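What follows is a short report on a single structure.
Sequence lines set the chain letters: A, B, ... in the order given, protein chains first and strands last, and positions in each chain run from 1. This structure is a prediction, so every number in the text was calculated from the model and none was measured.
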Amino acid sequence: MLDPTRPEGITFVPVSPALIRVRVIGAIITFAVLATPSILITIFVDRWAAMAFIPITLLAVWILWLIPRRVRAMGYYEGKDEFLIVKGILFRQLTVIPYGRIQYVDVKEGPIARHYGITTIEMYTASAETAGKLEGLPAAEAARLHDALAARGMVEHAGL
Amino acid sequence: MAKNAESTIRAAESGVPEERWQRVHILTPFIQSWHLIVVIPALIAWQNPEIFTEFSVEDVRNVFDGTSYLSYILLAVAAVILVIVAISYLMWRRTNYALGDEAVWFRSGILMRSQRHARFDRVQSVDIVQPLLGRIFGLGKLRIEVAGGADSHFDIAFLSMSDLEVLRNQVVALAAGTRRTTQADNPTVNQAAPDSTGTPHYLPSEATTEHTSDDLHSGLTISSANGQTVQNGGAAQNQAPAHSAIPMEERALFSVPAKMHIQSLLLSLSFLISALVLIATIVTAVLLARWGGAEVLLAGAAGLVPLIIVPAQVIWTEFNTNFNFSAFASAEGIRIQRGLTEARSQTIPPKRVHAVEVTQPWLWRKMGWYRVRIVQAGNAVLEANRGQSDILLPVGTRLQAELAMWLVVPELGVHDPLSFIENALNGANDQADPRFIATPKSVRKLDWLTWKRRACAVTPAVFVIRQGRITRRTAFIPVERIQSVKVSQGPYERTLGVADICAQVVPGSIPTIAAHIPAQHVMTLTAELVRLSAERRYQDVGLTWEERVQHSATPFAVEDTR
């Protein structure tokens with residue numbers, strides 16, 4: 001069926017699968033932090049505290065199942081005049097950002113992401129709602145995109 | 001991670017050679033987090049009041065013997081402060097700025113490294129800001145405003161005042177130089193009427209002033225016009241060049257008489273509902289009192305108080321803010337005067353308006369009244385301080401609403417603008433107007449209330465979104481103001497074969513989402529919006545503001561004769 005969030009004739013470049021690992025590690029850390037109190041209480045105080053453990057575990061399992069699918073659904077494409085970003089499986093999104101509208105590009109990497117060699121870049125336009133965030137780019141690709149976007153934005157900018 | 005000669009490329013560090021990065025003042029982390037250093041001992045003291053109540057000289061003498069509890073507390077506090085100082089030192093080392101060839105760069109962060117740059121040709125203003133603590137130490141920060149929406153400034157903090165002056169002059173000079181070369185290189189960029197919010201304000205004398213009337217700030221003075229009748233202004237002045245010596249007088253556009261204003265406030269659904277609830281509560285209290293006695297009445301009276309105060313407060317605020325609302329056309333834009341207890345005057349340069357919405361609440365339909373709101377581009381700091389309004393016309397007749405719209409959206413790009421507006425404001429999907437892409441009947445399952453009114457239209461000049469059944473709303477977005485386009489589709493929408501298009505503009509209170517558009521239209525619409533937006537950005541803007549307001553009596557009618 002016709003998918004308006006995936007224009008025809010465009011193959012989106014997927015982000016690096018290392019992002020899956022980064023997100024999984026982040027999820028596991030969060031889960032550990034959330035689950036530790038209930039684990040400790042279960043062991044030392046009262047066995048029934050394990051009941052608190054169950055919903056957290058279910059949530060964690062669901063999120064861990066979801067992460068690889070979400071990451072594989074993310075992609076980008078450098079068009080002739082615009083930059084396209086897609087994401088989402090159930091709630092699909094396509095963001096089209098003309099190069100001339102890009103005000104600046106932020107580059108960020110957290111400690112875990114740096115270990116796996118991936119980076120996040122975020123494009124800002126004059127609109128606060130522009131979802132120009134792209135995670136999971138290999139560091140070299142991120143650097144290249146950063147320079148390319150900045151250069152094209154400068155050439156084509158036309159005020160507000 | 002192998003560290004070979006060409007060490008792993010850190011994306012957050014590219015762009016500027018290492019030696020050009022400079023450090024900020026060493027006191028920076030202290031100023032930025034002084035409250036932490038103060039709060040932690042204060043917290044400890046507050047939670048352990050024994051420190052003060054059971055304080056004895058013995059304890060002080062025994063501090064260094066390690067036998068009094070005071071020594072442990074001091075140790076803990078010292079450890080915490082040490083940790084804070086260590087982290088601050090690391091952060092200080094990683095906070096750098098640099099003046100590159102085309103942009104000013106700023107990077108910071110130890111774990112979460114981030115790097116930002118602002119291109120010189122995007123710089124709008126360069127200010128020196130001194131918070132209180134900075135003033136004590138003689139430090140300040142450089143605030144660089146970049147053309148854009150809410151979060152569009154970044155600070156280089158903190159540097160000594162002399163360093164700041166030097167840096168500011170450098171940035172200003174580089175920005176001016178870059179602007180000159182880009183103008184020379186890009187003759188297609190419209191130079192006759194420079195886009196107001198893209199014009200940088202970095203000339204040293206202007207850099208610290210706020211920029212409202214920037215578009216026509218370069219001393220544009222226009223031939224005078226008699227404010228009353230248009231024909232008198234006439235042909236002679238129309239041919240006068242844009243920079244003649246006689247200043248333009250203000251021309252009255254529209255105003256809201258007090259009676260109409262009060263009536264419009266009373267004819268609002270929220271007021272009616274609160275009045276009904278109030279009456280119902282009084283009746284219930286009286287009935288219950290007959291059954292239960294006077295105490296019930298007293299209790300009911302207590303509950304009545306908020307029911308009276310809150311709606312009264314809302315109505316009073318609205319009345320007070322927009323009392324005597326009048327709009328004038330001046331050389332610098334639309335000047336709006338309003339207010340009862342606090343008279344306010346603000347000027348809106350028309351190019352600053354990025355979207356217009358015309359609404360008609362249900363109870364105004366019989367009176368034929370409309371309300372016009374706008375989205376203005378501007379610095380977030382400015383808006384917060386000056387309370388700029390987003391109302392162009394709080395209540396007005398259809399003609400006044402059309403005039404208000406025409407002021408900020410000069411042309412609609414259709415050959416029959418008046419009937420187009422009629423369809424946009426009051427139309428419904430059962431009229432087969434080919435210009436409007438309507439939501440299909442299947443959307444009834446998703447939105448049974450308003451699906452018949454939902455439609456959108458793209459003309460070469462504007463993107464129109466029509467929605468709302470009880471309160472009718474229509475948004476007009478000039479295509480050149482669209483910053484980016486987002487297409488989204490939820491699971492249920494996928495089964496119905498529809499999707500949403502959001503034309504993203506600068507932050508404002510007008511919704512710009514066209515919901516539940518059939519999928520096949522979505523793709524063509526998106527492509528067209530992006531294409532039109534690019535084309536219009538570079539086009540000539542036609543008549544200047546002065547020419548428009550002087551020789552036109554009836555808005556949009558001018559287009560009919562073209």
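B:R494 places no side-chain N or O within 3.5 Å of a backbone atom of A:D3 that could act as its donor or acceptor partner. With hydrogens and angles disregarded, a donor-acceptor distance shorter than 3.5 Å links the side chain of B:Q504 to the backbone of A:E129.
For the atom pair CZ (A:R114) and CE (B:M112), the distance works out to 9.0 Å, reported to the nearest 0.5 Å. The distance from the CD atom of A:E109 to the CZ atom of B:R113 is 7.0 Å, given to the nearest 0.5 Å. Atom OG1 of A:T119 and atom CD of B:Q115 lie 11.0 Å apart (nearest 0.5 Å). To the nearest 0.5 Å, the span separating NZ on B:K486 from OG1 on A:T95 amounts to 6.0 Å.
Scanning residues 521-531 of chain B against chain A with a 4.5 Å non-hydrogen threshold yields B:V522, B:M523, B:T526, B:V530, sorted by number.
Using a 4.5 Å cut-off between heavy atoms, A:E82 contacts chain B through its side chain alone, with no backbone atom that close. Within the 4.5 angstrom heavy-atom criterion, no atom of A:I85 approaches chain B. Heavy-atom distances place no part of A:A113 under 4.5 Å from chain B, backbone and side chain included. There is no contact between B:I517 and chain A, counting heavy-atom distances below 4.5 Å. If you measure heavy-atom distances from A:L137 to chain B, you find no contacts under 4.5 Å at all. Contacts between B:A118 and chain A at a heavy-atom distance below 4.5 Å are absent for every atom of the residue.
Across B:A499, B:G109, B:A519, the residue that shares the most heavy-atom pairs under 4.5 angstrom with chain A is B:A519. Contact tally against chain A (heavy-atom pairs below 4.5 Å) for B:I501, B:D500, B:I482, B:I110: the top residue is B:I482.
In terms of heavy atoms, B:G490 sits closest to A:F91 at CA-CD2, 3.7 Å. Shortest non-hydrogen contact noted between B:P507 and A:A126 is CD-O, 3.6 Å. Residues B:S484 and A:P98 approach most closely at CA-CD, 4.3 Å, considering heavy atoms.
Within 6.0 Å of the CZ atom in A:R70, the count of heavy atoms belonging to other residues, nucleotides or ligands does not exceed 12. The number of heavy atoms from other shown groups lying within 6.0 Å of CD1 (B:I513) does not exceed 12.
With sequence neighbours left out, the side chain to side chain contact (heavy atoms under 4.5 Å, CB included) criterion links B:A103 to B:W105, B:H117, B:R119.
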